[in-house]
**Student:** 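Encoded as structure tokens, here's the structure I'll be asking about.
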Number of protein chains: 2
Amino acid sequence: MKTYVCDLEITLDFIGGKWKPLIIYFLIKGPKRTGELKTLLQSISQKMLIQSLKELEHDKLISRKVYNQRPPKVEYSITEIGQTLEPMLRALCAWGKDYSQKTLENESLK
Amino acid sequence: MKTYVCDLEITLDFIGGKWKPLIIYFLIKGPKRTGELKTLLQSISQKMLIQSLKELEHDKLISRKVYNQRPPKVEYSITEIGQTLEPMLRALCAWGKDYSQKTLENESLK
DNA sequence: CAGTATCCTACAGGATACTG
DNA sequence: CAGTATCCTGTAGGATACTG
């Protein structure tokens, strides 16, 4: 079994990577179809989208609902567990915004 | 210039990766010498340690103090900006701990 | 002890084409 | 439309040896 220096690493194992935090972020705002996510995430590849969704579903952070119709419709939504990530993601966003503003200020002082 | 779907990505650009969050986490607890960090981080390579420290210093999240003596002594400490990351890192840790406990409970129900 | 310099490898992530 | 299957590439991260 893998050993962790700190619980931090556990969290990063689940929501780390380039896309997962963003997917969760958007799903917290409400359920989305596969195509909608693809549009929101802009440059994500089909492969990474499906792969990330699968892993998040497996980890019980999001859930997947299939509508039996043609053409197929699949909707992803956040789970209760996934929802608990909201405050952290908000904080992460806020920090990024703040930091980039401070950096901008410094740049303009040069 | 790079475009972001969400401010989330800015933050991840600065503290993303395998080691940076951990380094910040430990430095928040107090200043550390290079060697101490290496011990705390266990499996980190010399290269990644120095490289991460350099980038964090460049981004003003940590500061580096050199003591002029033989053998050399260098101490890293968190900056004011870096300090603002504390609540987030705490939250990240807490979540990881919680999540792994829930998962453990489910495992034992099988 | 702290840091550099190389060289190397594994794997996250991407491009493309195809199916029900 | 949602998802698979392949093949491919860039780069994050590691191993090792060396310097002041």
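The model shown is predicted, which means the values in this text are computed figures rather than measured ones. Here is the naming used below: chain letters follow the sequence lines, and residue numbers restart at 1 for every chain.
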**Student:** Quick one: the dot-bracket string of DNA chain C, using Watson-Crick and G-U wobble pairs with both distances under 3.5 Å, [ ] for crossing pairs and | for bases paired to another strand.
**Tutor:** ||||||||||||||||||||
**Student:** In residues 21-39 of chain B, what residues come within less than 4.0 Å of DNA chain D, judged by heavy atoms?
**Tutor:** none
**Student:** Taking for each residue the nucleotide of DNA chain C bearing the nearest heavy atom, is the 5' side occupied by Q46(A) or by Q46(B)?
**Tutor:** Q46(B)
**Student:** Side chains of residues 21-32 of chain B: which donor-acceptor pairs under 3.5 Å do they make with residues two or more places apart or in other chains?
**Tutor:**
| unit_1 | atom_1 | unit_2 | atom_2 | d |
| --- | --- | --- | --- | --- |
| K32(B) | NZ | G30(B) | O | 2.9 |

**Student:** Indicate for each nucleotide in nucleotides 8-15 of chain D, in 5' to 3' sequence, whether protein heavy atoms under 4.0 Å reach the base (B), only the sugar-phosphate (S), or nothing (-).
**Tutor:** -----BBB
**Student:** Can you tell me which residue pairs pass the side chain to side chain donor-acceptor pair (under 3.5 Å) test with a partner in residues 79-99 of chain B, sequence neighbours excluded?
**Tutor:** T84(A)-W95(B), W95(A)-T84(B), Q83(B)-E86(B), E86(B)-R90(B)
**Student:** Name each donor-acceptor pair under 3.5 Å that joins a side chain in residues 7-17 of chain B to protein atoms two or more places apart or in another chain, with its distance.
**Tutor:**
| unit_1 | atom_1 | unit_2 | atom_2 | d |
| --- | --- | --- | --- | --- |
| E9(B) | OE1 | V5(B) | N | 2.5 |
| E9(B) | OE1 | C6(B) | N | 3.0 |
| T11(B) | OG1 | L92(A) | O | 2.5 |
| T11(B) | OG1 | G96(A) | N | 3.0 |
| D13(B) | OD1 | K2(B) | NZ | 3.4 |
| D13(B) | OD2 | K2(B) | NZ | 3.2 |
| D13(B) | OD2 | Y4(B) | OH | 2.6 |

**Student:** Can you name the salt bridge (Lys or Arg N to Asp or Glu O under 4.0 Å) partners of E36(B), sequence neighbours left out?
**Tutor:** none
**Student:** Listed by chain and number, what are the side chain to side chain donor-acceptor pair (under 3.5 Å) partners of W19(B), not counting sequence neighbours?
**Tutor:** none
**Student:** NA contact type, Y76(B), heavy-atom cut-off 4.0 Å: base, sugar-phosphate, or nothing?
**Tutor:** sugar-phosphate
**Student:** Would you tabulate the side-chain donor-acceptor contacts of residues 61-70 of chain A under 3.5 Å, counting partners in other chains and residues two or more places apart, or write 'none'?
**Tutor:**
| unit_1 | atom_1 | unit_2 | atom_2 | d |
| --- | --- | --- | --- | --- |
| S63(A) | OG | S77(A) | OG | 3.2 |
| R64(A) | NE | Y76(A) | OH | 3.3 |
| Y67(A) | OH | E75(A) | OE1 | 3.2 |

**Student:** Between side-chain atoms of residues 44-58 of chain B and protein atoms elsewhere (two or more places apart, or another chain), which donor-acceptor pairs fall under 3.5 Å?
**Tutor:**
| unit_1 | atom_1 | unit_2 | atom_2 | d |
| --- | --- | --- | --- | --- |
| S45(B) | OG | M48(B) | N | 3.2 |
| S52(B) | OG | M48(B) | O | 2.6 |
| E55(B) | OE1 | K20(B) | NZ | 2.7 |

